[in-house]
Amino acid sequence: MTNDESNAMERALEQILDAALAQYSNTEPLAGLEQRVINRVRAEGGARPSRFGRWALALGLAAAIIVAVSVWWMQPRPLIALPLPIARSIDPSPRFEPPAAVRPTKNAAVHVPREFPIPTPVSREERALLALVALAPDQAREALLDLQRRSTEPIQVDQIKIDPLRSDYENNDAN
Amino acid sequence: MIDLTQAIEFQEPITASCHQIAAREARFVAMVERQSRFVFRVVYALLRNPHDAEDAVQETFLKIYRAGAWDAIQNERAFLSRVAWRMALDKLKSGNRATIPLDPEIASRSAPNPEEAALTADWNATVQRLVDALPPELRQPLALSTLEEMNSREIAEMIGIAEGTVRTRLMRARHILKQKLSGMMDRYDQR
């Protein structure tokens, strides 16, 4: 192939290429593209929260939930009223019933009883005293008054007399 | 009794705000009418399918409308072409596209590759298929260079590479195309 032929071939290729590339993107959209674009923008163009906004919203919600759960968890639970085991009436053989099992809660460590001092079961001596009051109230009153009186009276102690010590010689001489 | 002066003073900002919104809408519509065909050609150069290209055009304008920054841009065409180009690339990567229709003339032939098709077909269609077969880094600047509106500098800004790199790639692309065409013409002449 001579130089002229080569150049002619090169020119022909360039022409074919330019003509083809000119057509490559030479495509027109369907009629009414502008109106379709405008219609879609009007239909869907409302401000949508950005990606950051959506994340911020999600994080805010999560934080609010965590705070709500924490507050609910920290607030004190209502205390269950303990049944009073003390027999109010005179029962010759009162039975002590332990308080109903209270489900331990996380707040048990800071549990504050509503009644102080905490009621305790009646001892044997107390029970006997109550029985005495019921059976002989006058005697019981007398006994209590006497007990009170004696507890308030000053204690009198006889004077102690101690003889002086003597030696064995003195004892022998005296004998 | 209503104080009319106060009522008018209260109404004025609302009326002014309505006018501003209407004016802004009108500016946006004007921009769509001015640039939508250019944006279409940009995305079509990459997507090579009119339906996908129209989708990309609509999504491009929708995106910039929602972003709200379109009103203050300096170079409207450059801004739009960049947004449209990214939109087309996303569409291309997602694979959620209509199939690229073959040219009916070429499709009707039983030629399995561009070279054989070129032996019996018109050169335009063959060249276009050869361009489609180029690697993306060569095809994209070449396709954009076919748009009358775009020069090397604008292509470089849009793709995000140096202007010199765009020119080098264009030369390489044309060189490859000429080589392939030359081989086809030789075979065509031998027949």
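Note that the structure is a prediction, hence the values are computed from the model and not measured. The sequence lines fix the lettering, A, B, ..., with proteins before strands; numbering per chain opens at 1.
Interface summary for chain B: among A/Arg42, A/Gln23, A/Arg36, the most heavy-atom pairs under 4.5 angstrom belong to A/Arg36. Looking only at heavy-atom pairs under 4.5 Å with chain A, the residue among B/Lys63, B/Glu25, B/Glu54, B/Glu59 that has the most is B/Glu54. Ranked by heavy-atom pairs shorter than 4.5 Å toward chain A, the options B/Val127, B/Leu177, B/Thr146, B/Val42 are led by B/Thr146.
No side-chain N or O of B/Asp132 forms a donor-acceptor pair with one of B/Gln128 less than 3.5 Å apart.
Taking CD1 from B/Ile159 and CZ from B/Arg169, the interatomic distance works out to 7.0 Å, rounded to the nearest 0.5 Å. The CD atom of B/Gln35 sits 9.5 Å away from the CD1 atom of B/Ile64 when rounded to the nearest 0.5 Å.
In this structure, B/Ser145 and B/Ile155 have side chains that are in contact, with non-hydrogen atoms separated by less than 4.5 Å.
Pairing each heavy atom of B/Leu144 with each of B/Met150, the nearest pair is O-CB, 3.8 Å.
With a threshold of 4.5 angstrom between heavy atoms, A/Glu28 approaches chain B through its backbone and through its side chain. Contacts between B/Phe61 and chain A at a heavy-atom distance below 4.5 Å involve backbone atoms as well as side-chain atoms.
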